[in-house]
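For reference, the structure is listed below as structure tokens.
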Amino acid sequence: MDHKELISKLVFDNLNIPEISQDDIKQCLNIPPEPALGDFALPCFKFSKALKNSPVNIANALAEKISRKALPAEIDKVQAVNGYLNFYLNRPKFMQETAERFKNGVPKQDIGHGRVICIDYSSINIAKHFHMGHLSTTAIGGSLYRIFNFLGYKSVGINHLGDYGTQFGKLICAYKMWSSEEKLEKDGLNELHELYIRYHQEAETNPQLDDIAREWSKKIEQKDPEAVKIYERFKEITLQNIGKIYDRLGVVFDSYLGESFFADKVGGVVKLLEEKNLLEESDGAKVVRLDEYDMPPCLILRSDGASLYATRDLATAIYRKQTYDFYKCLYVVAYQQNLHFKQFFKVLELMGFDWAKDLVHVSYGMVSMEDGAMSTRSGRLIKLADVLDKAVEKIKGIIKEKNPDAQNIDETAEAVGVGAVIFSSLCNSKIKDIVFSWDRVLNFDGETGPYLQYTHARCCSVLKKAGVDYNNFALPQNLQDIEADFGSSIDDNSWTLIKNIDTFFDQIVLAAQNYEPSIIANRIMDIAQGYNKFYFDYKILDDNLSVQKARLLITLAVKNCLKTGLELLLLKPIEQM
RNA sequence: GCGCUCGUAGUUCAGCUGGAUAGAAUGCUUGCCUCCGAUGCAAGAGGUCAGGGGUUCGAGUCCCUUCGGGCGCGCCA
């Protein structure tokens with residue numbers, strides 16, 4: 001029986017209000033703001049009317065009545081304060097149970113039962129640099145991918161490549177005029193980036209360029225061998241470059257089917273829309289009216305008959321449902337596109353697909369620069385690779401300074417530097433906008449990734465010193481038969497720490513429900529802070545082996561939470577740094 | 001103009017279905033390594049939870065309204 005169940009039963013048995021059930025009482029239970037006020041509290045204000053008495057008197061009477069009989073072993077005492085009925089758990093017992101429960105890792109429940117979660121994330125554009133604006137979708141999606149797998153779902157990562165559109169005609173036009181395979185070979189994505197910028201500059205004074213570009217676009221669609229060859233080369237260069245970044249970030253994809261794949265599959269969608277009588281002509285274009293739902297119409301076909309973003313998204317969603325039979329399909333895309341997703345989800349629903357309700361737009365805030373939005377076209381952007389490199393370099397300096405004898409400095413600096421950047425992107429609510437700042441992204445003090453990794457390494461270090469084989473969760477011989485004594489480390493900090501560990505799994509579930517990795521980030525931050533204070537307050541390797549065993553078990557539980565949490569946030573739980 | 005969204009210490013942010021004295025981190029000031037990793041720990045200072053109404057025994061949290069920032073609103077994605 002869990003504590004809420006136990007406590008609500010205790011109260012129910014002593015409170016005689018016919019219209020209030022044990023379940024109602026359970027619902028009312030909450031957690032006091034600080035440990036000094038107990039572990040669970042029942043506000044008695046609601047009973048005031050029924051009992052025609054003041055909340056203070058009710059709480060006092062309940063406390064007395066409950067305390068008169070013997071309390072269950074889990075509960076230490078019951079106290080009434082200002083109309084609240086406060087319950088105090090037995091700390092050593094609870095700490096022991098929790099630490100034992102987390103000894104072999106974070107205990108898991110299978111909530112997913114293998115159901116498929118499609119996650120459309122990162123979804124980069126061909127021929128463009130991976131810049132800071134792309135980090136959120138990649139980090140959030142990559143983290144959700146791991147979170148859902150952890151919970152027993154089957155994640156399917158989809159990189160819906162931006163590989164379709166008129167910009168590729170422009171790029172080929174620019175390539176033919178100003179570039180060559182030699183230059184591509186040498187400068188790769190940088191060359192493509194420069195061509196893109198140059199094209200837009202020159203097109204302003206030379207409108208003929210757009211005509212040539214349009215020709216090339218048409219040639220790509222008609223599968224003209226030369227156009228396709230050049231275009232495929234652009235794609236190859238992009239994927240090579242960005243693959244390196246994905247490796248560094250630790251994100252994976254199960255599919256790279258992009259827009260071009262779906263561009264010639266929109267016919268079926270249009271036909272279906274016509275059959276359902278949803279399509280309407282308007283100013284030469286074909287639209288689905290959504291007035292009834294307080295939304296502007298959803299554009300399906302341009303006046304020249306070409307498909308649009310929404311059309312291809314409809315085709316893509318149908319394809320994904322057929323291919324993966326997903327339980328949910330997530331789109332990790334910035335909030336600018338809120339309306340687009342609302343519209344396209346609604347259109348799918350109107351088409352009669354009941355699974356439209358399983359599509360979720362996971363929207364997040366945007367990253368901008370101090371002087372405005374990032375833009376590839378104008379060349380105002382900050383490349384992620386540069387940020388990662390700078391972070392790694394700075395970390396390397398810190399390690400060399402503080403821990404000159406460290407092993408594998410390069411490897412460690414890579415894990416910590418990259419981790420710091422990822423963490424900065426995952427630690428806040430995803431909806432918040434971020435103004436990029438070098439100072440902020442390169443600050444490693446306080447609530448940062450390095451702090452978490454440091455704390456994990458610190459745990460490993462103590463455990464190792466004590467002879468704990470933490471990879472196999474085995475205590476050393478000399479502690480095996482000793483009874484752990486938790487009684488000597490039950491202050492409020494240690495207590496809060498253990499309670500944060502106790503509910504760690506629930507937080508992971510909450511993070512999944514809200515598609516919000518920052519919930520996990522906040523929790524492991526609390527655990528790390530609590531542990532660092534614990535570490536300072538107590539000697540882990542106490543001479544008294546019973547005490548030592550208890551503290552090692554707490555350390556192991558902390559380590560396991562940090563490891564799992566870090567991994568779910570794409571950070572590496574390194575063992576020394 | 002309409003719609004969505006955000007507004008909490010100087011700054012960046014937490015704050016579970018409404019609950020007790022609003023919490024961290026970072027600036028800043030100042031302590032702590034003869035002891036398990038000082039990338040650590042602690043103390044001080046810093047708040048009209050944007051303003052105003054309302055619902056409630058109780059509002060940072062819910063409702064209305066004003067102000068301010070961001071985003072979106074037909075042939076881009």
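Every chain is numbered from 1, with letters handed out A, B, ... down the list of sequences.
A sub-4.0 Å separation between OP1 or OP2 of B:U5 and a side-chain N or O of A:K432 is absent.
Using a distance-only test at 3.5 Å, with no hydrogens or angles considered, a donor-acceptor pair links the side chain of A:T311 to the main chain of A:L308.
The number of heavy atoms from other shown groups lying within 6.0 Å of NZ (A:K218) does not exceed 12.
A search for side chain to side chain donor-acceptor pair (under 3.5 Å) contacts involving A:R440 returns nothing, not counting sequence neighbours. Not counting sequence neighbours, A:N403 has no partner by the side chain to side chain donor-acceptor pair (under 3.5 Å) test.
A:N522 has its CG atom 17 Å from the P atom of B:U12, to the nearest Å. Regarding A:I434, its CD1 atom lies at a distance of 18 Å from the P atom of B:U11, rounded to whole Å. Spacing between atom CG of A:N500 and atom P of B:C16 amounts to 14 Å, rounded to whole angstrom units. Taking atom CG on A:N428 and atom P on B:U8, their separation rounds to 13 Å, with Å as the unit. Atom CD of A:E447 is separated from atom P of B:G23 by 15 Å (rounded to the nearest Å). Counting to the nearest Å, the C1' atom of B:G1 and the CG atom of A:D294 are 16 Å from each other. In this structure, the CG atom of A:D526 is 10 Å from the P atom of B:G15, given to the nearest Å. What separates NZ of A:K499 from P of B:C16 is a distance of 16 Å, to the nearest Å.
B:G68 has its base anti relative to the sugar, with a glycosidic angle deviating from 0 by more than 90°. Syn is the glycosidic conformation of B:C33, whose angle stays within 90° of 0.
When the C1' atom is compared between B:A22 and B:U8, the two are found 8 Å apart, to the nearest whole Å. A distance of about 26 Å separates the C1' atoms of B:G70 and B:C75, rounded to the whole Å. The separation of B:G72 from B:C16, taken at their P atoms, amounts to 30 Å, rounded to a whole angstrom. Separating the P atom of B:U39 from that of B:U26 is a span of 14 Å, rounded to the nearest Å. Nucleotides B:A50 and B:G68 place their P atoms 16 Å apart, quoted to the nearest Å. The same atom, P, is picked in B:A9 and in B:C49; the two are 9 Å apart, to the nearest Å. The C1' atoms of B:C62 and B:U56 are separated by 10 Å, rounded to the nearest whole Å. Between B:G7 and B:C13, the distance separating the two P atoms is 10 Å to the nearest Å.
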Where protein sits on nucleotides 36-42 of chain B, one letter per nucleotide: B base, S sugar-phosphate only, - none, heavy atoms under 4.0 Å: BBSBBSS
Per-nucleotide protein contact string for nucleotides 67-77 of chain B (B base, S sugar-phosphate only, - none; heavy atom under 4.0 Å): ---SSSSBBSB
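Base pairing of B:C16: no nucleotide in any strand meets the Watson-Crick or G-U wobble criterion (both distances under 3.5 Å). B:G60 is unpaired under the Watson-Crick or G-U wobble criterion, no partner having all donor-acceptor distances under 3.5 Å. B:C36 is unpaired under the criterion used here, namely a Watson-Crick or G-U wobble arrangement in which both key atom distances are under 3.5 Å. Figure legend. B:G10 is base-paired to B:U26; pairs are counted as Watson-Crick or G-U wobble with both atom distances under 3.5 Å. In this entry B:C73 has B:G1 as its Watson-Crick or G-U wobble partner, both defining distances falling under 3.5 Å. In a base pair of the Watson-Crick type (N1 to N3 plus N6-O4 or O6-N4) or a G-U wobble (N1-O2 and O6-N3), with each distance short of 3.5 Å, B:C49 is matched with no nucleotide.
Residue-level contact check: A:I31 touches the bases, meaning some heavy atom is under 4.0 Å from a base atom. Nucleic acid contact class of A:A334 (heavy atoms, under 4.0 Å, all strands): none. Nucleic acid contact class of A:N86 (heavy atoms, under 4.0 Å, all strands): base. Using a 4.0 Å heavy-atom distance criterion, A:P32 is classed as a base contact. As judged by a 4.0 angstrom heavy-atom cut-off over every strand, A:N82 is placed among residues making no nucleic acid contact. Among the heavy atoms of the strands lying under 4.0 Å from A:L29 is at least one base atom, whether or not backbone atoms are also near.
Salt bridge absent: A:K46 and A:D24 never bring a charged side-chain N and a carboxylate O closer than 4.0 Å.
Comparing B:U17, B:G7, B:U21 against the side chain of A:E34 picks out B:U21 as the nearest.
Using cut-offs of 30° and 60° for the angle between ring planes, the A:F344 and A:Y331 rings count as perpendicular. Classification of the A:F130-A:H134 ring pair by plane angle, with boundaries at 30° and 60°, yields perpendicular. Ring pair A:F262/A:H160 is tilted by interplanar angle, where 30° to 60° counts as tilted.
Each of A:D492, A:D491, A:T496 was checked for a side chain to side chain donor-acceptor pair (under 3.5 Å) with A:S494, and the lone residue meeting it is A:D491.
Legend: ring pair (Phe, Tyr, Trp, His ring centres under 6.0 Å) pairs involving residues 430-452 of chain A, not counting sequence neighbours, sorted by first then second residue: A:F436-A:W438. Judged as a ring pair (Phe, Tyr, Trp, His ring centres under 6.0 Å), the pairs with a partner in residues 525-554 of chain A (not counting sequence neighbours) are, in order, A:Y531-A:F534, A:F534-A:Y538.
Side-chain contact annotation: A:N532 with A:T455, donor-acceptor N/O pair under 3.5 Å present.
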